[in-house]
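Only heavy atoms go into these numbers, but all of them, side chains included; no hydrogens, no water, no symmetry mates.
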Amino acid sequence: MEVPPFPKPEGLEAAMALQRTLAQRVILSGSLEGKKRLAALDASHKRGKPLVAVALLYHLEKGPLFVAKGLVPEEALFPYVPGFLSFREAPAYLEALKALPEAPEVLLVDGQGIAHPRGLGIASHLGVHLDLPSIGVAKRLLFGRLEGPLPQEAGSAVRLLSPEGRPIGYAYRSRTGVKPLYVSPGHRVGLEEALAFVKRLPTRFRLPEPLRLAHLEAGRALAALD
DNA sequence: GCGACAG
DNA sequence: ATCTTGTCGC
């Protein structure tokens, strides 16, 4: 698919300013009805090696269709700073997306959507950059708090609230007894619609299958480098 | 000053 | 994310 160049900010000040600008372009409405082709994005990295990103094209009815990879040399990587993950990982994701035979209708990203200090987690950043609907699925919380207790039963969810009390996503129990996932809209999708979309993905273990497979592929690709 | 802190 | 030993549980 076609991918616009991704500007690299000089430092955290510039990165923060860019986040504030792009956050204004995030659209928090839209349904994903009828959208069946998604790209699941995950990355893997080891010191002294390039960052490996995987974009796994997945069809809701046909399953996995294609695995594309993107590499960024360690020397070229933005440092990891909580709140600035997209500047580190997005360039590798975009390389992987370039290698897809067709554009996905939805991006499913390992990380936050709008549940972020400035409203622009990596899922939102990629969604705005590519003008695609996107959803963030994170394994840990970065920003916000749960509205109440989250039941142990698979399928239960409670809203994620910003410090001001605005809903920014959900804590979601994908399987009974597992730690919750944190689902937040990235771009061009509503809060409830984002959760509904994730809920209808096949989930054998904690992570929805598309993301779990992307994670496995990224790990394999990293191990295969040497 | 203290705690929190995606991947 | 990775590193890292044993350990608990399905």
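Here C:dC3 presents its P atom at 6 Å from CZ of A:Arg47, a figure rounded to the nearest Å. One can place CZ of A:Phe205 at 15 Å from P of C:dC10, the figure rounded to the nearest angstrom. In this structure, A:Asp42 places its CG atom 12 Å from C1' of B:dA6, rounding to the nearest Å. Atom CG of A:Leu85 and atom C1' of B:dA4 are 16 Å apart (whole Å). Atoms CZ (A:Arg175) and C1' (C:dC10) sit 12 Å apart, rounded to a whole Å. Note: CG (A:Leu142) to C1' (B:dA4) measures 9 Å, nearest angstrom. Straight-line distance from the CZ atom of A:Arg88 to the C1' atom of C:dT2: 11 Å, rounded to whole Å. The interatomic distance linking A:Phe143 (CZ) with B:dG3 (P) rounds to 20 Å, in whole Å.
Closest approach to the A:Ser44 side chain among B:dA6, B:dG7, C:dT2 is made by C:dT2 (side chain taken as heavy atoms from C-beta onward). Among the nucleotides C:dT2, B:dC5, B:dG7, the one closest to any side-chain atom of A:Leu222 is C:dT2. Distances from the side chain of A:Lys46 to the nucleotides C:dT2, B:dG7, C:dA1 place C:dT2 closest.
Note on A:Lys49: every side-chain N or O is 4.0 Å or more away from OP1 and OP2 of C:dT2.
Among the heavy atoms of the strands lying under 4.0 Å from A:Gln112 is at least one base atom, whether or not backbone atoms are also near. Within 4.0 Å (heavy atoms only), A:His215 reaches sugar-phosphate atoms of the nucleic acid but no base atom. Heavy atoms of A:Phe87 sit nowhere under 4.0 angstrom from any nucleic acid atom. Using a 4.0 Å heavy-atom distance criterion, A:Leu51 is classed as making no nucleic acid contact. Using a 4.0 Å heavy-atom distance criterion, A:Gly136 is classed as making no nucleic acid contact.
Counting all heavy atoms, side chain and backbone alike, A:Pro64 lies closest to A:Leu56 at CB-CD2, 4.2 Å.
A:Leu142 has its side chain within reach of A:Pro117: a pair of non-hydrogen atoms, C-beta onward, lies under 4.5 Å apart. Side-chain contact between A:Leu108 and A:Leu41: absent, with no pair of heavy atoms (C-beta onward) separated by less than 4.5 Å.
Judged by centroid separation below 5.5 Å and plane tilt below 30°, A:Tyr80 stacks onto the base of B:dG7.
Under the salt bridge (Lys or Arg N to Asp or Glu O under 4.0 Å) test applied with A:Asp110, the options A:Arg212, A:Arg140, A:Lys139 reduce to a single match, A:Lys139.
Checking A:Glu33 against A:Ser31 by side-chain atom types alone, no donor-acceptor pair falls below 3.5 Å.
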